[in-house]
Each structure stands twice: as structure tokens, then as C-alpha cells.
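As C-alpha cells, the structure follows; a few thoughts come after it.
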Amino acid sequence: MDRREIKKLGEAVKKYRYALAAILLGSALLLLPAHSARQEIPSAPETERGVEREIETTLAAFDGAGRLRLTLTVAPGTERWEGAVVVCEGADNASVRLALTQALRSLTGLSADRITIVKGSPED
């Protein structure tokens, strides 16, 4: 490169410095590890079952839910919720299903596509 080309390059960098800074910052942010929305939980099976029962008790208190049974799954080798299934008497009511789904999303960090609410008679 001769001096003229270097000077032109320097002028271009000066002219577009903010755009270049934004590109560099964006590239740096892409290299950072992604944060998972799923909540980490203790790995001991007894603790998982205790948390599951506590959430189940909370959901059972919802108007119209009736008796229910909650099953939460944990991804193998991790400490993260993978999915949830609720079997309850009030699942034929759309507002009950929506309320239960929203509550599970808040309590577990699961997305709605990983939560299933079905009508049924949970056994005690």
C-alpha cells in the first residue's frame, strides 16, 4: 500500500468510526455465552420432588383447577427444568389452562411450548 491508499483508509476509518465501533461491539457481544431462561434447581431427587410438590400445592389453589398432579422433568445430566405436565380436573376451562401455564412459566422459567395442561382425574 502506498501513502495515498493508507491516507484514504485512515479517512474512511475516521468517517465511519461510530459504525465500526458498533460493529465491533456487536461482534464482541455475540461471543459472550447465552443466558438460559431456565431456572437451575438442586440436583438431589428428594429436593426436586419437594419443589415439585410445593409448586403443585400452589397450582391446586387456583380457582377452577380442582385436584391436580404436576410432573416436572429435568434434562439429563443438568440441573434445569426440561418440561412440565399438569393433569387436573379443571383443564377443560381455557382460562384455567392459561393461568396454570402462566404460573408455571413464572415459577420454572419454562416456555409455554414445554408446558402441557390436560384434563384428567389425578390419583392421590
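Hydrogens, waters and symmetry mates are skipped; everything else that's a heavy atom, side chains included, is used.
Taken from CZ in Arg53 to OG1 in Thr58, the straight-line distance is 12.0 Å, to the nearest 0.5 Å. Annotation: the span from Glu82 atom CD to Thr108 atom OG1 amounts to 12.0 Å, rounded to 0.5 Å. Note that CG of Leu59 is 13.0 Å distant from CZ of Arg69, once rounded to the nearest 0.5 Å. Here the CD-OG distance, from Glu89 to Ser121, works out to 5.0 Å after rounding to the nearest 0.5 Å.
Taking each heavy atom of Leu68 and Cys88 in turn, the nearest pair found is CB-CB, 3.3 Å. Residues Phe62 and Ala103 share a closest heavy-atom pair of CZ-CB, 3.5 Å. Closest approach of Val96 and Ala65 over heavy atoms only: CG1-CA, 3.9 Å.
The local environment of CG in Asp113 is crowded, with over 12 non-hydrogen atoms from other residues, nucleotides or ligands closer than 6.0 Å.
Checking side-chain atoms of Thr73 against main-chain N and O of Gly83 turns up a donor-acceptor pair under 3.5 Å. Looking at Glu56, its side chain does come within 3.5 Å of a backbone N or O of Leu70 through a donor-acceptor pair.
Linking ILVMFWY residues whenever their side-chain heavy atoms come closer than 4.5 Å, directly or via other members, leaves Ile117 and Val85 in distinct clusters. Clustering ILVMFWY residues whenever any of their side-chain heavy atoms sit less than 4.5 angstrom apart, transitively, puts Leu100 in a cluster other than the one holding Val87.
Listed by first then second residue, pairs satisfying side chain to side chain donor-acceptor pair (under 3.5 Å) with a partner in residues 90-100 read Asn93-Ser95, not counting sequence neighbours.
Applying side-chain contact (heavy atoms from CB on, under 4.5 Å) to Trp81 and the options Leu107, Leu104, Val51, Ile115 leaves one that passes, Val51.
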Expected list for residues 8-22: side-chain donor-acceptor pairs under 3.5 angstrom, two or more places apart:
| residue | atom | partner | partner atom | Å |
| --- | --- | --- | --- | --- |
| Arg17 | NH1 | Lys14 | O | 2.9 |

